[in-house]
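Working notes, structure below.
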Amino acid sequence: TTVYTIVIQGLCRAVRPIEAFELFMQMELEGHCSADAMTYNILIHGLCKNSEVGKARLLLKDMIEKGYGPDKYTYNTLISSLCKAGQMAEANRIADEMKANGCPPDIVTWNSLIDGLCKAGHADDAHKFLRHMTGSSTCSPDIISYNSVIAGFCKAGRVDEAMKIFEGMTAWGCPPNVRTYNILAWGFCQSFRVDDARQLFHEMIERGCDPDVVSYNTLIDGLCKTARVDEAYELFRGMLESDIAPSIATYNTLLAGISKSYTLEEVEHLFKDMKKRGCKPDRGTYNIMIHALCEEEEFVEGQRFLQAMIKDGYEPNVVTYNVLVRGLCQALKVDDAYWILQDMAARNCIPD
RNA sequence: UGUUUCUCUCUCUU
């Protein structure tokens, strides 16, 4: 059971939930060992995360029939998935069901609901809930509760209110962590207040909270999007000098950023550099490259990247097709755009 | 005791 469970988890992490499901079936059919509650929970999580909710529901039914009552992990997995899908009413229903079945909702449950509210654009409700928790002795908010609400305000473009919460959280026994700073920096960047984000970057260092790769990526992106690409590049070089390794997101951010003002040669140079440093391009990277090439009407080179993308095992997605179609139409190559649409259909990609 | 909750990057003057 342990070995099967580990492999099932590995497949889920590798975004191969169908294979995980098949392995689960195989395990049950062979009959040497059978799934326990943890196996179910891991698989339900993997399926939910990859929008295979139908299969997840089947598993849940199967789980109950086998006599494994859903536990807090099962409930929290379902609630969090529903929240992420914006199904707040259903999430609350499951939370009630959880209570009714003698499984008291815990901090993970509350945090999932708070985050769901924030992502659905109801940061005020989430904040109210947070304040309610702060006053209660049963379940105090933790750093994740605060981070979610802060992110909710940032997402709504209300970064000053987010800052207010940030300033008050330490007094409630919850000092900010690196994610808190990253969220706020992101919020400032979204509001085009990149200098405030920079300020925060220095502030976190002063307070003994070391910036991580996300902190750098956030600032680099903010600088790029406000046409301060040279400063972004400078920060990137600073990153290389420190002991923080750039991630794929770093390169994708910078590639997208420089492609607006630098030459194609420079963009392709950075792309090669990225590979040289052992960072494998992902689908986003290819989309960025194809976009940059289409903008310059370098469709042959774009085609080359498209092929490389497929060779690397990445199916083109809606973004890829949109970029190609837009580029071709702008170059008045409407027939080619038409064929791209056909290819899209052939690959079972739904146009938007 | 291994499973559940928070942050960054790709379409943008569509």
Side-chain angles (χ1 to χ4, degrees), chain A residues 1-2 5-6 8-9 12-13 36-46 48-49 70-81 83-84 91 98 105-116 118-119 126 141-152 154-155 176-187 189-190 197 211-222 224-225 246-257 259-260 281-292 294-295 309 314 316-327 329-330 352:
Chain A
T1 303
T2 309
T5 303
I6 291 169
I8 286 172
Q9 178 165 33
C12 287
R13 282 203 219 278
D36 60 12
M38 181 168 71
T39 320
Y40 276 102
N41 288 338
I42 289 172
L43 191 51
I44 287 173
H45 180 230
C48 283
K49 230 179 27 190
D71 59 15
K72 61 177 176 179
Y73 293 107
T74 325
Y75 281 119
N76 283 337
T77 301
L78 291 169
I79 290 169
S80 130
S81 307
C83 287
K84 285 194 166 66
M98 183 174 183
D106 58 11
I107 185 70
V108 175
T109 319
W110 303 129
N111 284 344
S112 302
L113 291 169
I114 286 176
D115 196 55
C118 289
K119 299 239 154 91
D142 65 5
I143 181 73
I144 295 180
S145 330
Y146 280 101
N147 286 349
S148 289
V149 176
I150 289 172
C154 287
K155 209 177 141 238
N177 63 10
V178 60
R179 283 194 191 213
T180 318
Y181 284 104
N182 291 346
I183 291 164
L184 284 162
W186 181 86
C189 289
Q190 290 300 304
D212 63 6
V213 58
V214 176
S215 320
Y216 277 96
N217 293 349
T218 304
L219 255 187
I220 290 173
D221 188 49
C224 286
K225 297 215 164 116
S247 63
I248 300 181
T250 316
Y251 285 106
N252 289 352
T253 305
L254 204 56
L255 283 167
S259 66
K260 291 189 187 85
D282 66 5
R283 184 154 56 187
T285 319
Y286 283 111
N287 284 342
I288 292 163
M289 293 305 292
I290 293 167
H291 184 210
C294 284
E295 292 276 277
M309 174 179 186
Y314 299 110
N317 65 2
V318 191
V319 176
T320 322
Y321 285 113
N322 285 348
V323 161
L324 285 166
V325 169
R326 183 189 301 272
C329 285
Q330 275 171 358
D352 66 1

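So that the names make sense, note that chain A is the first sequence line, chain B the second, and so on, each numbered from 1. Because only heavy atoms are used, hydrogens play no part in the values below, and waters and symmetry mates are left out as well, while side chains stay in.
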Worksheet item: What residues, two or more places apart in sequence or in another chain, satisfy side-chain hydrogen bond (donor to acceptor under 3.5 Å, both in side chains) together with A:Tyr40?
Response: A:Asp62, A:Lys66

Discussion item. Does B:rU4 have OP1 or OP2 under 4.0 Å away from a side-chain N or O of A:Lys84?
Written reply: no

Worksheet item: Excluding sequence neighbours, so at least two apart, what forms side-chain hydrogen bond (donor to acceptor under 3.5 Å, both in side chains) with A:Ser112?
Response: none

Fill in: Nucleotide-resolved protein contact map, nucleotides 9-14 of chain B, B/S/- at heavy-atom distance under 4.0 Å
BBBS-B

Discussion item. Among residues at least two apart in sequence or on other chains, which ones pass side-chain contact (heavy atoms from CB on, under 4.5 Å) with A:Arg283?
Written reply: A:Asn287, A:Met309, A:Tyr314, A:Glu315, A:Asn317

Response to the item:
The nucleotide from B:rC6, B:rU7, B:rU4 with an atom nearest the side chain of A:Ser148 is B:rC6

Item to complete: Look at A:Lys119 and B:rU7 and indicate whether a side-chain polar atom (N or O) is within less than 4.0 Å of OP1 or OP2.
Response: yes

Discussion item. Applying side-chain hydrogen bond (donor to acceptor under 3.5 Å, both in side chains), can you list everything that pairs with A:Lys119, at least two apart in sequence or on another chain?
Written reply: A:Asp115

Worksheet, complete the sentence: Note on RNA chain B: ranges paired as stems (three or more Watson-Crick/G-U pairs in a row, both atom distances under 3.5 Å) are none

Practice prompt. Could you list the residues that satisfy side-chain hydrogen bond (donor to acceptor under 3.5 Å, both in side chains) with A:Thr109, not counting sequence neighbours?
Written response: A:Asn76, A:Asp106

Worksheet item: What residues form a ring pair (Phe, Tyr, Trp, His ring centres under 6.0 Å) with A:Tyr181, not counting sequence neighbours?
Response: A:Phe166

Fill in: Residues which pass side-chain contact (heavy atoms from CB on, under 4.5 Å) with A:Asp221, listed by chain and number, not counting sequence neighbours
A:Lys225, A:Thr253

